[in-house]
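Everything quoted here is computed from the prediction, not taken from an experiment. Naming convention: chains lettered A, B, ... in sequence-line order (proteins, then strands); numbering from 1 in each chain.
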Number of protein chains: 2
Amino acid sequence: MEPLTTEQKIIKAASKLFTQKGYAATKTREIAEEADINLALLNYYFGSKERLYKEVVKNNLGMLLEVMIPILSDEKVSLKEKVVTIAENYTQLLLEHEELPIFILNEWTVNEDLFVDITRDARLFAKPVIEKQLKENGMEVSVDDFIANLLSLIMFSFVAKPLIVSSGLVEEGEFANFVNRRKEKIWEWMTKINQ
Amino acid sequence: MEPLTTEQKIIKAASKLFTQKGYAATKTREIAEEADINLALLNYYFGSKERLYKEVVKNNLGMLLEVMIPILSDEKVSLKEKVVTIAENYTQLLLEHEELPIFILNEWTVNEDLFVDITRDARLFAKPVIEKQLKENGMEVSVDDFIANLLSLIMFSFVAKPLIVSSGLVEEGEFANFVNRRKEKIWEWMTKINQ
DNA sequence: CCATGGATTAAACAAATGATTAAATCATTT
DNA sequence: AAATGATTTAATCATTTGTTTAATCCATGG
């Protein structure tokens with residue numbers, strides 16, 4: 001594979017550190033060292049730490065929304081397929097990027113404006129489609145609760161991984177199995193909850 | 001009521017800022033200003049920013065565990081009572097301290113050692129009791145999944161509040177109603193899931 | 001072959017930040 | 001009221017941190 005351009009090396013290093021440690025705890029010199037570039041190049045390419053950060057947030061949030069929005073708002077995909085596909089895709093994506101949920105949720109709290117336009121599509125397109133499909137499936141739950149329950153059941157294990165692992169509920173090496181087992185049951189759980 | 005001592009004023013201000021913005025983003029001068037005390041007093045009473053931080057983490061984590069451990073490990077409390085009481089207490093506590101879940105989970109990821117002894121009791125006492133009660137209730141779920149599902153259904157709304165609100169699923173002013181409605185259904189959901 | 005312009009580097013700067021100091025003040029005891 | 005110890009203050013220190021500058025490298029086109 002091609003060697004990374006300087007710009008790509010910086011984004012990659014910044015993404016790793018920002019998602020792991022947050023904005024304030026990540027120092028520009030650390031990013032430069034991780035990316036193996038001179039400190040000044042960071043400002044040369046991205047202008048400032050803040051602009052680099054926004055780039056990283058945009059990339060990572062995009063990655064999460066790409067998984068969800070097209071599936072949820074597609075009328076041709078059944079509700080079950082949606083739940084199964086989203087559970088599958090998210091579980092896989094989050095296993096590869098375990099730090100993502102907390103990073104995004106944290107960021108969403110601090111920096112709300114940044115997210116408004118990025119998530120406009122979800123608001124606009126997905127809600128009416130889901131509403132219709134819930135009725136067709138005889139589910140009496142609101143769209144709000146449906147999506148909250150779905151995300152809750154998929155993502156919470158990742159958000160609370162440190163709690164789950166260090167409290168001894170699940171061994172570190174068993175975590176992937178744990179979430180993969182849960183993933184399989186999510187449609188079953190959703191139907192039971194919203195019988 | 002008594003006026004706060006200098007020490008209490010510092011803890012209060014530090015707790016507010018640390019939980020809102022995290023360790024690195026919170027500056028000692030901010031804490032001093034928020035507490036309306038001189039900067040040097042912070043080091044006079046707590047030695048350093050780090051020691052003050054650990055004090056804050058200990059207080060806040062303690063607050064969360066106090067709600068859970070005594071209830072979970074009490075053999076005289078039925079499983080339903082446990083779920084209902086924990087859902088009730090957590091929802092109320094978290095509505096008053098909405099920033100707590102993300103702060104604790106974040107902290108748990110970064111600073112795992114700090115939590116090991118604080119959570120020892122939970123590991124030791126709660127697990128066998130719950131195991132027994134699950135059997136008695138004919139629930140075939142593992143203790144792991146049971147607690148993960150319980151916490152998941154209660155806490156996720158708070159963790160994902162920014163996502164839920166800014167995506168338009170729930171209005172800001174309706175959030176308390178939203179979690180209170182969910183709270184009432186948690187035992188029902190838990191029994192359905194683990195029928 | 002070298003001149004041009006982007007890419008890269010080392011060094012420096014200014015502001016921010018955690019911590020310390022020494023003096024001043026306050027409260028309590030003698 | 002004098003003495004003592006605890007508390008508070010303003011000033012300062014040393015380091016870190018984000019950013020900038022000026023010099024140098026290096027590939028490309030004339």
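- Note: CD (A:Gln8) to P (C:dA7) measures 14 Å, nearest angstrom.
- Remark: P of D:dT19 and CD1 of A:Ile37 are 13 Å apart, rounded to the nearest angstrom.
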Pick out the pairs of N or O atoms, protein on one side and nucleotides 17-19 of chain C on the other, that lie under 3.5 Å.
| unit_1 | atom_1 | unit_2 | atom_2 | d |
| --- | --- | --- | --- | --- |
| C:dG18 | OP1 | B:Lys49 | NZ | 2.9 |
| C:dG18 | OP2 | B:Thr28 | N | 2.8 |
| C:dG18 | OP2 | B:Thr28 | OG1 | 2.8 |
| C:dG18 | N7 | B:Arg29 | NH1 | 2.8 |
| C:dG18 | N7 | B:Arg29 | NH2 | 3.4 |
| C:dG18 | O6 | B:Arg29 | NH2 | 3.0 |
| C:dA19 | OP2 | B:Lys49 | N | 2.9 |

Review point. Dot-bracket, DNA chain C: Watson-Crick or G-U, under 3.5 angstrom, [ ] crossing, | other strand?
Key: ||||||||||||||||||||||||||||||
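- Distance B:Tyr44 OH to C:dA22 C1': 14 Å, rounded to the nearest Å.
- There is a side-chain donor-acceptor pair under 3.5 Å between B:Ser15 and B:Asn60.
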What side-chain donor-acceptor pairs closer than 3.5 Å can you find for residues 87-97 of chain B, not counting sequence neighbours?
| unit_1 | atom_1 | unit_2 | atom_2 | d |
| --- | --- | --- | --- | --- |
| B:Glu88 | OE1 | B:Lys183 | NZ | 3.2 |
| B:Tyr90 | OH | B:Leu64 | O | 2.9 |
| B:Thr91 | OG1 | B:Ala87 | O | 2.6 |

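- For A:Glu33, the CD atom sits in a loose shell: 12 or fewer heavy atoms of surrounding residues, nucleotides or ligands are nearer than 6.0 Å.
- Contact detail for A:Ala24 and A:Lys27: the closest heavy-atom pair is O-NZ, 3.0 Å.
- Note on B:Lys135 versus B:Glu140: no salt bridge recorded, every NZ/NE/NH1/NH2 to OD/OE distance being 4.0 Å or above.
- For residues 34-49 of chain B, every residue pair satisfying the salt bridge (Lys or Arg N to Asp or Glu O under 4.0 Å) rule, not counting sequence neighbours, is listed here: B:Lys16-B:Glu34.
- In the set C:dT9, D:dT8, C:dT8, the nucleotide with an atom closest to the side chain of A:Tyr45 is C:dT8.
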Name the atoms and distances for all side-chain donor-acceptor pairs under 3.5 Å in residues 72-80 of chain B, with sequence neighbours left out.
| unit_1 | atom_1 | unit_2 | atom_2 | d |
| --- | --- | --- | --- | --- |
| B:Ser73 | OG | B:Ile69 | O | 2.7 |
| B:Asp74 | OD1 | B:Lys76 | N | 2.8 |
| B:Ser78 | OG | B:Glu81 | N | 3.1 |
| B:Ser78 | OG | B:Glu81 | OE1 | 3.2 |

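- Taking the charged nitrogens against the carboxylate oxygens, A:Glu188 and A:Lys192 do have a contact shorter than 4.0 Å, which makes a salt bridge.
- Within 6.0 Å of CD in A:Glu136 there are more than 12 heavy atoms belonging to other residues, nucleotides or ligands.
- Between A:Thr26 atom OG1 and A:Gln20 atom CD the span is 8.5 Å, to the nearest 0.5 Å.
- Within residues 9-16 of chain A, no residue is approached by DNA chain C to less than 4.0 Å at the level of any non-hydrogen atom.
- Salt bridge A:Glu99/A:Lys161: absent, no basic N to carboxylate O contact under 4.0 Å.
- One atom, CG of B:Asn38, and another, P of C:dA23, lie 17 Å apart when rounded to the nearest Å.
- Between the CD1 atom of A:Ile31 and the C1' atom of D:dT16 there is a distance of 15 Å, rounded to whole Å.
- For A:Ala40, counting side-chain heavy atoms from C-beta on, the closest listed nucleotide (C:dA10, C:dT21, D:dT7) is C:dA10.
- Here B:Thr6 reaches the OP1 or OP2 of D:dT8: one of its side-chain N or O atoms lies under 4.0 Å away.
- The CG atom of B:Leu41 sits 10 Å away from the P atom of D:dT7 (whole-angstrom rounding).
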